[in-house]
2 protein chains.
Amino acid sequence: MPIRVTVDIVIFTIRSSRLHVLLVRRGLAPFKGQWAIPGGFVREGETLEQAALRELREETGVDEVYLEQLYSFGDPGRDPRGRVVTIAYFALISSDRAVPVAGTDAAEAGWFPMQSLPPLAFDHRRILDYSLERLRNKLEYTTVGFQFLPRKFTLTELQRVYEAILGRPLEKRNFRRKMALLRILRPLREWRREGVHRPARLHQFVAELRPILPRRRRQRFDATPPR
Amino acid sequence: MPIRVTVDIVIFTIRSSRLHVLLVRRGLAPFKGQWAIPGGFVREGETLEQAALRELREETGVDEVYLEQLYSFGDPGRDPRGRVVTIAYFALISSDRAVPVAGTDAAEAGWFPMQSLPPLAFDHRRILDYSLERLRNKLEYTTVGFQFLPRKFTLTELQRVYEAILGRPLEKRNFRRKMALLRILRPLREWRREGVHRPARLHQFVAELRPILPRRRRQRFDATPPR
DNA sequence: GCAAAAGTGTTCGGACTACACCCATGG
DNA sequence: CCATGGGTGTAGTCCGAACACTTTTGC
């Protein structure tokens, strides 16, 4: 009895300032009727990443997103049907594109806030927990956070993204100073006016997706000249 | 034709102040006679981690080491025999235990310095490159570095480990201050004397393996009382 | 007394934290 | 004129980096 290989994909987005994940309701046994993260078997000629992208497209219609391999889970017994090793990925989708369509083999699909998840099939709870941990870490030292926003956004919207992922409020002045120091935002000559208050300046994310470089000084050494 | 699943394991150690990796010479086609990292098929009832540990034991006789899942590689065509997905792990072995024994299905095994690797079978070069990157990152924010040393060691030995992994020299005073600040070393009342110079104090690594916590202050907020 | 490694202190700059008030707008 | 979010500056602390000389030993 050979081992079968699937990819599962955790799809994150931000909705109304809260981190959400896309779940599908299983139409078939096992765990029929339960919620699960999208996934499926890896096909003949495709790479693991292509398989993940295919699942993503089937569920959301979206392509060209941030996608990263998370971890592989393969405990015997994690799938009652037999030995299944899954390679888990996670994807980040900007809120303006986050419109799920029901998958082919899924009866139903929907966005769930990470703070209140339903019971999940298989070991998917564990996968979700780990992907959140990873996302939080990445947020600290890369610019993945921008993946959740449309091209133009306000600084407060950006801050809300960070807060939603980290799960704690941030201090406005410090947050803005940090962003300014990173020099990855271009302030636009456009303002968004909404509500009864001062309009907010729009910004663009400029610079490719990259790790945040804490500009190191070059290291020199004790230059004790021979006496 | 089903996908087959293997684990491959990158086994690191430090020898004469340089980072080494354990390679085995392949006895069978494909890539017969070439060097490769140890690995093998995942068996029926074992977890992925158990499979990695089994390979590790077969190659080195060593158990109870630092072991971490690295990444999964599954491009079609990475193995000419057919579709093989491999889950790569890496392990860290202290220099005093790093005595390889030839594996069961391997003709020969040996430690190679990471700076001068032979041509490798499959996509193993890529796996090695990635594992080094990961090891370097982990070194910065965890205490994995200690895994390479015996229980008692000198501060200079510890510094050599860090230098070997990072591939650059470090500054002695800063390195020692940092270690002192972390409070994870117990200085012993023992000294090692060797060579014609002042003896070096021995230290022990105390505290469990853990991430290095940059002690955050609790964040408070603008407490503008309502006027 | 000399060669060789062990050991040690201070200064600077960058980044993070804490913290409170004025500004522009629409109603 | 008021409610609402947008926007801004300063002071303290911590940490990493730079940098050179004294100590102890065996020969």
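Chain A is the first sequence line, chain B the second, and so forth, proteins listed ahead of strands; every chain is numbered from 1. Quick note: numbers below take in every heavy atom, side chains included, and nothing from hydrogens, waters or symmetry partners.
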Exercise for the section: Please name all residues satisfying side chain to side chain donor-acceptor pair (under 3.5 Å) with D123(A), sequence neighbours left out, ordered by chain then number. Expected result: R78(A)

Exercise for the section: For S17(B), enumerate each residue passing the side chain to side chain donor-acceptor pair (under 3.5 Å) test, keeping only those at least two apart in sequence or located in another chain. Expected result: none

To the nearest angstrom, how far is [X] atom [atom1] from [N] atom [atom2]?
X       : N       : atom1 : atom2 : answer
H203(B) : dG7(C)  : NE2   : P     : 6 Å
Q159(B) : dT8(C)  : CD    : P     : 14 Å
E194(B) : dT24(D) : CD    : C1'   : 15 Å
Y162(B) : dG16(D) : OH    : C1'   : 15 Å
F175(B) : dG16(D) : CZ    : P     : 13 Å
W191(B) : dG26(D) : CH2   : P     : 14 Å
R192(A) : dG7(D)  : CZ    : C1'   : 16 Å
E190(B) : dA6(C)  : CD    : P     : 17 Å

Fill in the blank from the handout: Contact check, residues 13-20 of chain A vs DNA chain C, heavy-atom distance under 4.0 Å, returns none

Handout entry: Under-3.5 Å donor-acceptor pair between R177(B) side chain and dT10(C) base
Key = yes

Handout entry: Shortest side-chain distance from H197(B), nucleotide among dG5(D), dG26(D), dA4(C)
Key = dA4(C)

Completion exercise
Taking dA4(C), dA3(D), dC19(C) as options, the one with an atom nearest any side-chain atom of R173(A) is dC19(C)

Distance check: side-chain N/O of [X] vs OP1/OP2 of [N], anything under 4.0 Å?
X       : N       : value
R193(B) : dG26(D) : yes
R201(B) : dA6(C)  : no
K172(A) : dT8(D)  : no

Practice task
Could you pull out all residues at least two apart from F73(A) that satisfy ring pair (Phe, Tyr, Trp, His ring centres under 6.0 Å)?
Solution key: Y71(A)

Problem - ring pair (Phe, Tyr, Trp, His ring centres under 6.0 Å) against W35(A), all qualifying residues, sequence neighbours excluded - result: F112(A)

Problem - Separation of I93(B) CD1 from E59(B) CD (nearest 0.5 Å) - result: 10.5 Å

Problem - Upstream residue (5' side of DNA chain C) when P199(A) and N174(B) are each assigned their closest nucleotide - result: N174(B)

Handout entry: Toward the 5' end of DNA chain D, by each residue's nearest nucleotide, L202(A) or R198(B)
Key = L202(A)

Practice task
Identify whether any heavy atom of T154(B) sits under 4.0 Å from a base atom; if not, whether one sits that close to sugar-phosphate; answer base, sugar-phosphate or nothing.
Solution key: nothing

Handout entry: T86(B) (side chain) donor-acceptor with A88(B) (main chain) under 3.5 angstrom
Key = no

Under 3.5 Å, side-chain donor or acceptor atoms of residues 185-193 of chain B against the rest of the protein: list the pairs with distances, not counting sequence neighbours.
from: E190(B); atom 1: OE1; to: K152(B); atom 2: NZ; distance (Å): 3.3
from: E190(B); atom 1: OE2; to: K152(B); atom 2: NZ; distance (Å): 2.9
from: R192(B); atom 1: NH1; to: E157(B); atom 2: OE1; distance (Å): 3.3
from: R192(B); atom 1: NH1; to: E157(B); atom 2: OE2; distance (Å): 2.2

